[in-house]
Amino acid sequence: MLFIFVNAVIVGLETYPELYIPYQEWFYIADRVLLWVFTVEIVLRLIASVPFYTFFKSGWNWFDFLIILAGHLFAGAHFVTVLRVLRVLRVLRAISVIPSLRRLVDALMRTIPSLFNIMFLMSLVFYIFAVIGTMLFASISPEYFGSLGRSVLTLFQIVTLDSWTEAVMRPILEIEPWSWIYFIAFVLVGTFIIFNLFIGVIVNNVEKANEEDTAKHSTEDSDYQKLHNELQEVKQMLRDIKNSDPK
């Protein structure tokens, strides 16, 4: 984690030309040192895996391995931009190092199938409101509702709640006083209901991931306890044999 933090600081400092240009060579040396530190770490983890191919059974190990390997493959003047991007990606290794972050990312990955259903529902809501908005407000506000595409883009701005009242609703409200019904209905459905569905699915999967992790640790503790009990029984048997030996 310390080396990942140092790597993140160096990458951030490189974005300041007044620092990077005068000390470009030092930045390069620091990057090479960090890359080889991470390389040694990967090699040690490969050696510690018995047999070594079990290292690649974990997706997080693949993630670490490919990021470090890419740092060696794209080293050179022709890949300066790619290499600088890869330096930033090394910061993501903090996820693979911290177990709680790994659980969170695993939970987010589990939400993908459910998110497709929510995205489909959201697309239907956007389409219906975009068509209605185009029919009602195309002549009043062609900049925002002049076509179906513009209406969808406007609704996306509204769903983010980014200054939509002053820029979109109030100019239309001055001409059509009842238009607030349309906008409030979309905000209630599009923002509060749909986004709460997103949050609910994510929270549910995070809880499942935590429960599975807790169950896994409980199983491991139970196995260790059984092994400990068996060893105690073997020790007791050896003591009994020794005590019963006439010699």
Checklist entry - Can Met135 be reached from Ile140 by stepping across I, L, V, M, F, W or Y side chains whose heavy atoms are under 4.5 Å apart? => result no

Checklist entry - Under a 4.0 Å N-O cut-off, is there an ion pair linking Arg45 with Glu41? => result yes

Checklist entry - What distance do Gln157 atom CD and Thr160 atom OG1 have between them, rounded to the nearest 0.5 Å? => result 6.0 Å

Checklist entry - With sequence neighbours left out, what residues match Trp36 under ring-ring contact (aromatic ring centres under 6.0 Å, His included)? => result His72

Checklist entry - Does the side chain of Tyr144 reach to within under 4.5 Å of the side chain of Arg150, using non-hydrogen atoms? => result no

Checklist entry - Atom CG in Asp64, atom CG in Leu69: separation rounded to 0.5 Å? => result 12.5 Å

Checklist outcome for this item: Phe3 meets the ring-ring contact (aromatic ring centres under 6.0 Å, His included) criterion, sequence neighbours left out, with none

Tabulate below the donor-acceptor pairs under 3.5 Å that side-chain atoms of residues 122-134 make, not counting sequence neighbours, or state none.
residue	atom	partner	partner atom	Å
Ser123	OG	Met119	O	2.8
Thr134	OG1	Ala130	O	2.7
Thr134	OG1	Ser151	OG	2.6

Item to check | Sole candidate of Ile184, Ile172, Val168 that passes side chain to side chain contact (heavy atoms under 4.5 Å, CB included) when paired with Ser179 | outcome: Ile172

Checklist entry - Between Val37 and Leu44, is there a shared hydrophobic cluster once you connect ILVMFWY residues whose side-chain heavy atoms come closer than 4.5 Å? => result no

Checklist entry - Is Glu25 atom CD crowded by more than 12 heavy atoms from other residues, nucleotides or ligands, each under 6.0 Å away? => result no

Next on the checklist: Please enumerate all residues that pass ring-ring contact (aromatic ring centres under 6.0 Å, His included) together with Trp62, with sequence neighbours excluded.
Outcome noted: Phe56

Checklist entry - Is there a side-chain contact (heavy atoms from CB on, under 4.5 Å) between Val187 and Val159 once you walk through the steps? => result CA-CA 6 Å; Val187 169; Val159 86; over 6 Å; no

Item to check | Ile68 to Phe38 - nearest heavy-atom pair and separation | outcome: CD1-CB, 3.4 Å

Item to check | Spacing of Trp164 atom CH2 and Thr191 atom OG1 [to the nearest 0.5 Å] | outcome: 8.0 Å

Checklist entry - Are Leu161 and Ile199 joined in one hydrophobic group, where the rule is that I, L, V, M, F, W and Y side chains link up if heavy atoms are under 4.5 Å apart? => result no

Next on the checklist: Distance check, rounded to the nearest 0.5 Å: Asn61 atom CG versus Leu66 atom CG?
Outcome noted: 10.5 Å

Checklist entry - In Å and rounded to the nearest 0.5 Å, what is the CG to CD1 distance from Leu121 to Ile193? => result 9.0 Å

Checklist entry - Do Leu34 and Ile10 have side-chain heavy atoms sitting under 4.5 Å apart? => result yes

Checklist entry - Passes side-chain contact (heavy atoms from CB on, under 4.5 Å), Lys57 versus Ser49? Steps please. => result CA-CA 11 Å; Lys57 290 184 177 180; Ser49 300; over 6 Å; no

Next on the checklist: Within this structure, what is the CD-CG distance for the pair Glu14 and Leu19, rounded to the nearest 0.5 Å?
Outcome noted: 10.5 Å

Checklist entry - Does Val152 belong to the same Ile/Leu/Val/Met/Phe/Trp/Tyr cluster as Phe120, with side-chain heavy atoms less than 4.5 Å apart forming each link? => result no

Checklist outcome for this item: For Phe145, the ring-ring contact (aromatic ring centres under 6.0 Å, His included) test, sequence neighbours excluded, returns Phe137

Checklist entry - Should we count CH2 of Trp26 as having more than 12 external heavy atoms under 6.0 Å? => result no

Checklist entry - Should Leu188 and Leu136 be regarded as members of a common hydrophobic cluster, given that ILVMFWY residues are connected when their side-chain heavy atoms come within less than 4.5 Å of each other, either directly or indirectly? => result yes

Checklist entry - Would a 4.5 Å heavy-atom cut-off, applied to side chains only, mark Leu13 and Tyr23 as touching? => result no

Next on the checklist: Just to verify, what does Pro177 make a side chain to side chain contact (heavy atoms under 4.5 Å, CB included) with, not counting sequence neighbours?
Outcome noted: none

Checklist entry - So, do Tyr28 and Arg32 sit near enough that their side-chain heavy atoms are less than 4.5 Å apart? => result yes

